[in-house]
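Have a look at the structure below before the remarks.
These values consider heavy atoms only, across backbone and side chains, with no hydrogens, waters or symmetry-generated copies. A note on names: the letters A, B, ... follow the listed sequences, proteins ahead of strands, and every chain is numbered from 1.
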Amino acid sequence: MWKVAAWNVNSVKARLDRLLAFLERENPDVVLLQELKCEEPNFPYEGIGNLGYSAAVFGQKAYNGVAIVSKEPATDIVRGFGDGGLDEARFISATVQGVRVASAYIPNGQAVGAEKYHYKLEWLARLRRHLGAHYQSNQKFLLGGDFNVAPEDRDVHDPEAWRGQILFSDPERAALRDVCGFGLDDTFRKHHGEAGHFSWWDYRMLGFPKNRGLRIDFLLATPPLMEACHSARIDRDERKGTLPSDHAPVIAEFKL
DNA sequence: ATGGCTACGATCCGTAGA
């Protein structure tokens, strides 16, 4: 089985012990990381290297930062959308074991109507254009990461409270559907249809103990890869204990 | 216990996340 995870670690430096423990515990073939919050030279190459992993990294100081951690070294690494524009470190793609994979950290948006909200919607539109220009949905392609959008009511602990709010507004959800319209489906929903599964809980207000969460982190796959997907889950236990990330890893297994 | 945020970068608080 080919095992892949996507995880917003909220600082790879602050979460290094947990990342290494995750690699040892889960033994994934690929981990798509978001929110490294470090520049590329400061990525913990040595720590993951001791466990047999290498990484393709697109970092920046203090904010954002994405990586593709893999047992088999990634090739044909592209940082950003490859269109020459100056970018925040939010997208990286590479080939691992013959499969094209990408790690994405979609902008948060801050608040509906804010400048960052419009940036978020434009970023999602740009992602959709990038996919159409560089990929084909009849080929195996995996897009994982923190999308900062909850797709449906069943992905939100209190849909009526969140309706129209940031992370759950109609334009954000439409923009995510448009990205998936390229030919991507949610590996988690292939295997679990019920409500109440979340990947993020606010650090504040007892979000996790009260299970007030959202499902905003996904592993999205094209049809040929979706057919090969045998299981998917969210590693909710990773959110427990001392100083967790506010996001839990999402995991999927494929029979390539 | 799964418990009232956390990380960063610049100072001893402000900004950002979602």
| request: Go through the side-chain N and O atoms of A/H118 and A/E115 and say whether any donor and acceptor fall under 3.5 Å apart. | output: no
If the [atom1] atom of [N] is compared with that of [M], how far apart are they to the nearest Å?
N      : M      : atom1 : value
B/dA16 : B/dA10 : C1'   : 15 Å
B/dA7  : B/dT11 : C1'   : 15 Å
B/dG4  : B/dC8  : C1'   : 22 Å

| What pairs meet the side chain to side chain donor-acceptor pair (under 3.5 Å) rule with one or both residues in residues 66-77 of chain A, with sequence neighbours excluded? | A/N27-A/K71
| Tell me, which pairs form a side chain to side chain donor-acceptor pair (under 3.5 Å) where one or both residues lie in residues 175-185 of chain A, sequence neighbours left out? | none
Heavy atoms under 4.0 Å, any strand shown: does [X] hit a base, just sugar-phosphate, or nothing?
X      : result
A/D146 : sugar-phosphate
A/N8   : sugar-phosphate
A/Y105 : sugar-phosphate

Distances under 3.5 Å between nitrogen or oxygen atoms of protein and nucleotides 1-5 of chain B:
from	atom 1	to	atom 2	distance (Å)
B/dT2	O2	A/F208	O	3.4
B/dT2	O2	A/P209	N	3.4
B/dC5	OP2	A/M205	N	2.8
B/dC5	O4'	A/Y203	O	3.1

| task | Encode nucleotides 8-16 of chain B as B, S and - characters from 5' to 3', where the letter depends on protein heavy atoms closer than 4.0 Å: B to the base, S only to sugar-phosphate, - to neither. | result | SS------S
| remark: Hits for side-chain hydrogen bond (donor to acceptor under 3.5 Å, both in side chains) against A/R128, two or more places apart or cross-chain, chain-then-number order -> none
| message | Applying side-chain hydrogen bond (donor to acceptor under 3.5 Å, both in side chains), can you list everything that pairs with A/E160, at least two apart in sequence or on another chain? | response | A/R163
| remark: Contacts of A/I106 and A/R15 projected onto DNA chain B by closest heavy atom; the upstream (5') one is A/R15
| task | Could I get the full list of ring pair (Phe, Tyr, Trp, His ring centres under 6.0 Å) partners for A/F208, not counting sequence neighbours? | result | A/W201
| task | Please determine if A/R90 forms a cation-pi arrangement with A/Y105, meaning its NZ or CZ atom is less than 6.0 Å from the six-membered ring centre and no more than 45° off the ring axis. | result | yes
| request: Not counting sequence neighbours, list each pair that qualifies as a ring-ring contact (aromatic ring centres under 6.0 Å, His included) and has a residue in residues 5-56 of chain A. | output: A/W7-A/F22, A/F43-A/Y45
| query | If you look only at pairs with a residue in residues 217-238 of chain A, which of them pass as a ring-ring contact (aromatic ring centres under 6.0 Å, His included), with sequence neighbours excluded? | reply | A/F147-A/F218
| message | Just the rounded figure in Å: distance from P of B/dT6 to CH2 of A/W201. | response | 16 Å
